[in-house]
Amino acid sequence: MSATTVLQHGGITIKQPPPSQTQTQTNNNNHHQRTQSQQQPSLSNDVLKLFTNPLPLDAIFRPKSVALIGASEKVGSVGRTVLWNLLSSPFGGTIYPVNHNPIKRSVFGIKSYKRLQDIPDVMEMGIDLVIIAVPAHAVKEVMEDCVEVGVRGAIILSAGFKEVGMEGAQLEREICEIAQRGKIRVVGPNCLGLQNPISGLNATFANNLARPGNVAFISQSGAMCTSILDWSLQANVGFSAFVSIGSMMDVSWGDIIYYLGDDPNTKAIAIYMESIGDARSFMSAASEVAMMKPIIVIKPGRTSQAAKAAASHTGSLAGSDDVLETAFKRCGVLRVNKIRDVFEIVELLGKQPRPSGKYLTILTNAGGPGVISTDALIESGGQLAWLSEDTMNKLNEILPSHWSHANPIDILGDATWETYAKALEIAAENKYSDGILIILTPQSMTNPTRTAEAIAKVAKKISKPILASWMGGKAVTEGRAILDAAGIPTYDYPDSAAENFTYMYQLSVNLTQLYETPRWCADLHPSTVVVDTIIATAQSQDRVILTELESKRLLSCYSIATPAIIHCRTAEEAASAASSIGFPVVVKLHSETITHKSDVGGVKLNLHSPEQVRDAFFEIQQGVEKDDFLGVTVQPMLDTTDAFELIVGSSLDAQFGPVMLFGLGGTLVEVFQDSSIALPPLNSNLAHLMMKNTKIYTALKGIRGRKSADIAAIEKLIVNFSHLVMDKWMFIKEIEM
């Protein structure tokens, strides 16, 4: 470690499951991907194998035969609306209305059946898709019928399952078991259904069918689906798939993402998510598909109140939002905050290249919009590009003397279309700029239409992303149309454009992390005998916290340097150990039952002689009960002058498994809350990124005359620590240094 960094070692909390529960606990703990090697197979191999031969979802998205359970002519009923939608939009398949009313012989003039078994030749041909629109208590019997006749896919529209409590959750589990027995893939329950606008399938009770397009939209909220659908029809936005996924009894985010990843009609995936469900499945699918198609997620629940509302809506655990944010970044997913952002980003990515960095040049004919855009850019994580000396000189040649001479480049209100075009060419050549935002406000000397034409012509020669904001109404309408036709996204307000540039940059960063998949380093792996013995000994004694001595031995097995430590059972042993280590030293209580040693006077600092060490031994011994005293440990007293105290730790998240933390340590760690989190394992690049996401990182690089810390050594420690966490995550609940 660097001489300017001090690590204070805490205890390691281990999990203590009964032997019979160990395997169950391992299987049930949701966990992110782990890199593969011959020595250590991936923890996600079981997930990957599951998707090697997935049960096909074509039966749901592209059915040739559809049976509607609960078909009805009753005005206002779900069964009537769904049947009418199926009939109104031909999808190339056969429709079978099923109504349990023995008197009802037909629905909308189509022969109806009392049960699935009554459909002619159903036992031989089977049914691709069954849509279930009956009360929750009747769904179980319907699913039994589905298994009997060989149904391949089902959509359960019915509500009244886990979202209403324990009884509903039990009913949902029973239905899921039936579906698994029959190898039936199920969307829902408690959902709107799904649409495939490409084929014409409308298996929902929404009022309209979406227009065909190349963006797939998936939502847990049926109400969100209907709202987005209504907006899209007015905005002329199309979809390749439109899915209300409901409470994900069977088909989860991962299943849908994998399917849409292989769908040639889908170019991007937009998601409204309230709960992640199977985290391993989501991360596995997203990590693979995001390399080919952008995945944009809006996930409410950043505040505790919103998280509680989302959990009550879906009946699922909300989980930690910070961990979820980290998971999205790790698997290449872009998270946005507003509904409109989802579709604006999709449009932007379809028209412009992603920036290579976060530095934006703003070109404007008005100072106010430039200032507003700058605020939006900085607050969202971007930065203004520095104008090089060459750029400044060229701009001075074409602009009035009182232009801003800085970024934003204010070319003033009398700027002509020629001035805009020349300034854009110069700004694009600036090597410090990663993208350009062009702002126009309608003024007497500025022609919005002619300027748009000039910008569109120059933009063809520029490889950096270009965004525009033609502010105003009727006067700029024609100019906006010209820019849109040229593939330049145009916004009503420039702050939205600046935020979207930052989103594009963040997506680039997230995708870069996909290529930082750490390789498992065999030479980091310790003798399993040493590590397993430490953990097994604690478990055999019904202990859930390792001693400091055990913790440091465990850390040293993973090449994590710790101060020398000697366990001493007598005062003379302690004095001798101190002499061998060198004064000054620290003497600490060694106990398997007392964890907070300072609270009982169990830590004696800055001891300079054997006599002081002996006195410290007896003082510590007399301060605790006999059964709690197992001797002391002697360690060197480190010089902490000009040192920074850091914290590195890990704990288990209910959805993602082990999550690592790095940041400012010390007694005020909870006050400053300067930390970042990451999902292990990490390599040096990911470890460095984890450090850069903290404020203390700036100080570690050297500040106000202080020498820089050994950044590379800290990176190595974090990487080694991540291997420890991954290697023993099934045993270690919490670990902190």
Side-chain angles (χ1 to χ4, degrees), residues 33 215 257 261 266-271 283 285-299 324-338 341-362 373-374 376-386 407 427-428 430-437 459 462-468 487-489 491 495-518 676-679 682-693 697:
Q33 277 189 283
V215 178
I257 290 171
T266 298
K267 305 303 180 186
I269 301 172
I271 294 175
M283 289 197 67
S287 297
E288 183 175 326
V289 174
M291 290 185 176
M292 304 174 291
K293 303 177 181 182
I295 301 176
I296 318 297
V297 173
I298 178 168
K299 168 67 173 68
L324 189 63
E325 181 85 21
T326 301
F328 285 153
K329 293 178 179 178
R330 185 66 183 269
C331 63
V333 169
L334 177 64
R335 183 183 188 181
V336 298
N337 297 322
K338 305 181 186 73
D341 292 340
V342 174
F343 299 99
E344 287 182 352
I345 292 297
V346 169
E347 178 191 14
L348 180 55
L349 292 170
K351 291 182 176 180
Q352 292 291 317
R354 294 195 306 272
S356 57
K358 61 181 177 181
Y359 297 96
L360 178 68
T361 299
I362 300 175
S373 303
T374 300
L377 176 70
I378 304 300
E379 289 172 358
S380 60
Q383 292 289 331
L384 286 174
W386 182 68
N407 186 12
N430 180 18
K431 63 181 179 180
Y432 300 109
S433 178
D434 300 308
I436 303 169
L437 167 59
I462 298 174
S463 59
K464 298 174 182 178
I466 299 176
L467 300 83
I488 301 174
Y491 300 85
D495 50 341
S496 296
E499 290 171 349
N500 284 343
F501 170 82
T502 306
Y503 276 138
M504 279 209 303
Y505 162 70
Q506 185 59 58
L507 179 60
S508 296
V509 174
N510 294 355
L511 292 175
T512 299
Q513 292 190 45
L514 285 177
Y515 297 96
E516 295 290 347
T517 303
S676 66
I677 60 177
L679 303 182
L682 306 178
N683 60 15
S684 59
N685 289 338
L686 293 174
H688 190 85
L689 181 62
M690 189 182 188
M691 295 168 61
K692 285 180 65 176
N693 289 333
Y697 175 75

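In terms of heavy-atom proximity, A427 sits nearest to T361 at CB-CG2, 4.0 Å. Nearest approach of D434 to K464, heavy atoms of both residues: O-CB, 4.0 Å. Heavy-atom minimum distance, I298 versus N337: CD1-O, 3.7 Å. Summarising the geometry of V333 relative to A286, their closest heavy-atom pair is CG2-CB, 3.8 Å, with the distance given to 0.1 Å. For the pair K267 and P294, the tightest heavy-atom approach, listed with the atom from each and the gap, is O-CD, 3.5 Å. When every heavy atom of N407 is checked against every heavy atom of L360, the shortest pair comes out as ND2-O, 3.0 Å.
Atom OG in S684 sits 11.0 Å away from atom CE in M691 (nearest 0.5 Å). Interatomic distance, L334 CG to I295 CD1, rounded to the nearest 0.5 Å: 10.5 Å. Once rounded to the nearest 0.5 Å, the distance linking CG of L682 with CE of M690 reads 6.5 Å. Distance CG/L377 to CG/L437: 9.0 Å, rounded to 0.5 Å. I257 contributes atom CD1, which lies 8.0 Å from atom SG of C331 (distance to the nearest 0.5 angstrom). Summarising the geometry, atom CD belonging to Q383 is positioned 10.5 Å from atom OG1 belonging to T374; distances are rounded to the nearest 0.5 Å.
With sequence neighbours left out, L511 forms a side chain to side chain contact (heavy atoms under 4.5 Å, CB included) with A290, R354, L507, L514. Residues that satisfy the side chain to side chain contact (heavy atoms under 4.5 Å, CB included) test with K338, not counting sequence neighbours, are R340, D341, E499. For T266, the side-chain hydrogen bond (donor to acceptor under 3.5 Å, both in side chains) partners at least two apart in sequence or on another chain are S240, D263. Under the rule for a ring-ring contact (aromatic ring centres under 6.0 Å, His included), the partners of Y697 that lie at least two apart in sequence or sit in another chain are H688. Scored by the side chain to side chain contact (heavy atoms under 4.5 Å, CB included) test, Y505 finds P355, K358, V509 as partners (sequence neighbours excluded). Taking the side chain to side chain contact (heavy atoms under 4.5 Å, CB included) definition, one finds that E379 meets it with D375, sequence neighbours left out.
Between P489 and Q352, the closest side-chain pair of non-hydrogen atoms falls below 4.5 Å. You'll find the side chain of R335 stays beyond 4.5 Å of the side chain of K329, heavy atoms only. E344 is not listed as a side-chain neighbour of Y503, based on a closest heavy-atom distance of 4.5 Å or more.
Within a 6.0 Å radius of OH in Y359, other residues, nucleotides and ligands contribute 12 heavy atoms or fewer.
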Point to revise | Worked check of side chain to side chain contact (heavy atoms under 4.5 Å, CB included) between R330 and L686 | key: CA-CA 10 Å; R330 185 66 183 269; L686 293 174; 3.6 Å; yes

Practice item. Walk me through it: do L689 and Q513 pass the test side chain to side chain contact (heavy atoms under 4.5 Å, CB included)? Key: CA-CA 10 Å; L689 181 62; Q513 292 190 45; 3.4 Å; yes

Check your understanding: F328 and K299: side chain to side chain contact (heavy atoms under 4.5 Å, CB included), yes or no, with the steps?
Key -> CA-CA 10 Å; F328 285 153; K299 168 67 173 68; 4.2 Å; yes

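Tested against L467 for a side chain to side chain contact (heavy atoms under 4.5 Å, CB included), the candidates I488, I362, L348, I436 yield a single pass: L348.
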